[in-house]
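A short worksheet on the structure shown next.
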Amino acid sequence: MAQPEPQTARPEEDQLFRLLRQLDLAPDASQRATAQALGVSLGTLNSHLRAAVAAGLITISERSGPDRRQRFAYALTSRGAATKARLTDRFLERKLAEYDALHAELTGTESGLLSLKKRTPLMLPNLAPIPELYVSYDSAQKLKVSAGDLISHDLTPRQICDLELLMNGGFFPLKGFLSEEDYTSVVNNMRMADGTLWPMPITLDVSEQFADGIEIGQDIALRDQEGVILATMTVTDKWVPNKPYEAEKVFGADDVAHPAVNYLHHKAGAVYLGGPVTGIQQPVHYDFRARRDTPNELRAYFRKVGWRKIVAFQTRNPLHRAHQELTFRAAREAQANLLIHPVVGMTKPGDVDHFTRVRCYEAVLDKYPQATTTMSLLNLAMRMAGPREAVWHGIIRRNHGCTHFIVGRDHAGPGKNSAGQDFYGPYDAQELFKQHQDEIGLEMVDFKHMVYVQEKAQYYPANEVPSGDTILDISGTELRRRLREGLDIPEWFSFPEVVTELRRTSPPRSKQGFTVFFTGFSGSGKSTIANALMVKLMEMGGRPVTLLDGDIVRKNLSSELGFSKEHRDLNIRRIGYVASEITKNGGIAICAPIAPYATTRRAVREDVEAFGAFVEVHVATGIEECERRDRKGLYRLAREGKIKEFTGISDPYDVPEHPELRIETENADVDTCAHQVLLKLEGMGLIAAH
Ligand code: PPS
């Protein structure tokens, strides 16, 4: 049995390797102990040590302690560390060759072991590095300077999320924002034009005005919201998408009750640009940096800790005991380690903010057996696209090195459509995932709905509950109610640390900020009722109250604006922005503009509802009555054509379809009208009943 020549270590190399390794292992050991560990005399050890010092491989420092036998400490220099690493490789190489030869001798077969240098192919495919779109550090520095001269697109928050995952390999095999051909194919068939499975259109939507200034073949700079250039993109495609069609095909309905469809119609630009992206730098995150990992960082982590099978759990909600139980079971079932992989990019409007959630996750992480579970944050902008989204989530987790993925009932569900029905069937996501499991390259673990069984004082999958036993469960809606009303949340349901965190950020509704948004014709009585309401709320005390009256806003915030559709929209969006900030910070905002357009009111509602309640009050005084009152004499001027685009006379007013409250002012005094609003607020729990 011949040993391959190059792998034989020379004896002095062998000694040096053992010496360096021993000093690295026990730098503080006495010389006698070191000599014993190496099986050499003290004299031999001394001569080896002197040679190593002379070669610059180690340094020796004298210690001041009383123990003479332990007078010296040893440290490898960087040269010594490099030599040790090289010798370690040689040592392992030699061992591998020995095993290889032994294997051949014992089995009589050709060797099956690969040498150390060829170790990469031995890596499990899910753990080998994945391609990224970033250029090298040096190239990035140069590119950043030259990109300063390019036309810039300021990325929206959603586009920043998409770009981050494009650049770091999370969206592999995508190389940029989709071309028109790929987009059409993804929308129609869930596949790229070359047939690769990809369910979600990742497009760079821009305004018509911006698109008009772009030529095909041109490079543009992609900047974050502070103006930092994150990437460049070569525009290969520019087209106007058929948005209703995209909504139907990708989200299942052209219904703005779906958050992504609403985004598509009301937030996304009218034109899409496509083309390959060159990554310059990652978007900057100041929060939870140590908890964010790129796909390659996670893969490297799994390699390092020796995890081969990893089951990922996607979540956008706080974890309670049932989740902990089900994820733990899923990992056990798949005999895998567990990755809690929560989304911290963009989730469903109204979700618990990610700062609170991450603090909750950190508390739950301690409840898993040590070293079985880890958590990493994913900066994904979710679309809530149910089945397609599940497939997309699977691909993203595969790219992050996972082998299994938990898919639950109604995965990434968007809630109810405008007819009050679910957009997708409860198991559509699981079915679609199962159909494409092989192509995704990840195995689905189906989510067991876990319930608490009172008699057994433990969690069971809902279908395995012993008959006759009592099931306890608290739905998401019930939990929110208890938080809102400051009621008890039992320990069997959640961990006390999690509940404390949730209570910190979700005080009872009667202590949260909210917005009352009056809308109605000029002269309908909005301002008068709003003023009376403000005074009544101030009399109650507890929260600061701000009135954003139409006239006052137009004198201050919007003094340069007129009454065109565009200007009115701007005016209302500004009011909405200020109201949402007030709401976020726990105050009460009362707005009283005409706000004639339903789409704009809807946008404001969304801005505010991200932070608190939005109470739309339609002051439903008819146009005839307003004109009859004509307090400011404007209706007369409008009839005479002296004021153009006057709401109700020469400009439209969309009557609110589902306001929280509609007030008829005719034959009602101001006090009664303001009181109606107070009663509504009380009914909604926004002010405490006396
Ligand atoms: S909007 O449409 O919501 O931006 O309007 P708003 O900011 O509430 O401003 C409405 C007040 O401006 C006066 N005004 C007009 N209203 C409607 N149409 C035209 N063209 C117009 N020109 C001036 C009018 O007095 C409104 O005051 P209110 O308090 O509603 O009576």
Side-chain angles (χ1 to χ4, degrees), residues 266 515-535 545-583 588-608 614-657 659-666 668-670 673-674 677:
H266 299 133
T515 292
V516 181
F517 192 94
F518 289 96
T519 168
F521 291 119
S522 169
S524 57
K526 303 181 301 285
S527 306
T528 326
I529 304 171
N531 264 296
L533 177 68
M534 176 175 73
V535 172
V545 190
T546 310
L547 177 61
L548 298 163
D549 188 37
D551 276 345
I552 301 170
V553 170
R554 280 193 172 268
K555 276 199 199 95
N556 299 287
L557 260 188
S558 297
S559 55
E560 85 288 18
L561 300 183
F563 289 87
S564 64
K565 172 162 191 330
E566 197 191 351
H567 277 193
R568 285 182 200 255
D569 277 352
L570 252 177
N571 179 40
I572 302 304
R573 293 305 296 259
R574 286 178 188 171
I575 295 175
Y577 172 73
V578 177
S580 72
E581 286 294 306
I582 293 170
T583 304
I588 300 174
I590 304 175
C591 314
I594 297 180
Y597 308 122
T599 45
T600 327
R601 292 195 300 260
R602 191 185 164 101
V604 171
R605 175 184 287 274
E606 262 169 34
D607 289 348
V608 171
F614 181 81
V615 186
E616 187 175 25
V617 181
H618 177 209
V619 182
T621 318
I623 191 75
E624 301 78 14
E625 174 65 14
C626 294
E627 191 167 0
R628 197 186 55 73
R629 293 180 190 166
D630 203 6
R631 288 235 176 80
K632 300 179 185 165
L634 297 175
Y635 282 93
R636 187 174 52 78
L637 295 175
R639 286 284 178 208
E640 290 169 9
K642 292 185 181 145
I643 304 180
K644 306 267 179 267
E645 300 173 311
F646 198 85
T647 307
I649 304 295
S650 43
D651 212 59
Y653 178 81
D654 304 336
V655 174
E657 283 179 21
E660 274 70 12
L661 181 67
R662 208 183 298 279
I663 301 184
E664 309 292 341
T665 61
E666 287 156 56
D669 63 20
V670 178
C673 296
V677 183

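Order of appearance sets the numbers: ligands from 1, and atoms from 1 within every ligand. Throughout, residue positions are numbered sequentially from 1 according to the sequence presented. Model, not experiment: these values are computed from the prediction.
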- Message: Do R629 and S522 pair up side chain to side chain, a donor and an acceptor below 3.5 Å, judged on atom types alone?
- Response: no
- Starting from atom 22 (N) of ligand 1, find the nearest protein heavy-atom neighbour and note its residue, name and distance. F563 CE1, 3.3 Å
- Query: How many angstroms lie between CD1 in I594 and CZ in F563, if you round to the nearest 0.5 Å?
  - Reply: 6.5 Å
- Heavy-atom contacts under 4.0 Å between H567 and ligand 1: side chain, backbone, both, or neither? neither
- Pairing of K565 and E645 as salt bridge, 4.0 angstrom limit: no
- Message: Any nitrogen or oxygen of I594, side chain or backbone, less than 3.5 Å from one on ligand 1?
- Response: yes
- Electrostatic pair E660-R605, nearest N-O below 4.0 angstrom: yes
- Message: Give the atom numbers and elements of ligand 1 that come within less than 4.0 Å of a heavy atom of K644.
- Response: 20 (N)
- Just jot down the ligand 1 atoms closer than 4.0 angstrom to any heavy atom of E645, in number order. 18 (N), 19 (C), 20 (N)
- Could you verify whether a donor N or O on one side chain and an acceptor N or O on the other, from R568 and T647, lie under 3.5 Å apart? yes
- Report the part of L561 in contact with ligand 1, treating N, CA, C, O as backbone and CB onward as side chain, heavy atoms under 4.0 Å; options are side chain, backbone, both, neither. neither
- Which option out of R601, R568, K632 puts a heavy atom nearest to atom 29 (O) of ligand 1? K632
- Is ligand 1 under 4.0 Å from a heavy atom in the side chain of F646, in the backbone, in both, or in neither? both
- Message: So if I count the atoms of ligand 1 from 1 in the order they appear, which ones are less than 4.0 Å from some heavy atom of R554?
- Response: 1 (S), 4 (O), 5 (O), 6 (P), 7 (O), 9 (O)
- Is ligand 1 under 4.0 Å from a heavy atom in the side chain of L634, in the backbone, in both, or in neither? side chain
- Message: Among all protein heavy atoms in this structure, tell me which lies nearest to atom 30 (O) of ligand 1, with the distance rounded to 0.1 Å.
- Response: K526 NZ, 2.9 Å
- Message: Check this for me - ligand 1, A595, N or O atoms closer than 3.5 angstrom, yes or no?
- Response: yes
- Item | Under 4.0 Å to a heavy atom of D551 - the qualifying atoms of ligand 1, by number | 11 (C), 27 (O), 29 (O)
- Message: Which of the numbered atoms in ligand 1 are under 4.0 angstrom from any heavy atom belonging to P596?
- Response: 2 (O), 3 (O)
- Message: I need the T546 OG1 to I582 CD1 distance, nearest 0.5 Å.
- Response: 4.0 Å
- Message: Can you report which non-hydrogen protein atom sits closest to atom 31 (O) of ligand 1, along with the distance?
- Response: S522 OG, 2.7 Å
- Message: Quick one, F517 and V615 - any side-chain contact, counting heavy atoms below 4.5 Å?
- Response: no
- Any heavy atom of R631 sitting closer than 4.0 Å to ligand 1? no
- Message: Check this for me: does any side-chain nitrogen of one of K526 and D551 sit under 4.0 Å from a carboxylate oxygen of the other?
- Response: no
- Query: Going by an N to O cut-off under 4.0 Å, is there a salt bridge joining R628 and E624?
  - Reply: no
- Going by the angle between their ring planes, with limits at 30° and 60°, are Y635 and F646 parallel, tilted or perpendicular? perpendicular
- For I572, the atoms of ligand 1 under 4.0 Å from one of its heavy atoms are 3 (O)
- Query: Do R573 and E566 sit within salt-bridge range, that is, some charged N less than 4.0 Å from a carboxylate O?
  - Reply: no
- Here the gap from L634 atom CG to E627 atom CD, rounded to the nearest 0.5 Å, amounts to 11.5 Å
- Give the numbers and elements of all ligand 1 atoms closer than 4.0 Å to a heavy atom of P593. 3 (O), 8 (O)
- T647 heavy atoms within 4.0 Å reach ligand 1 at atoms 17 (C), 18 (N)
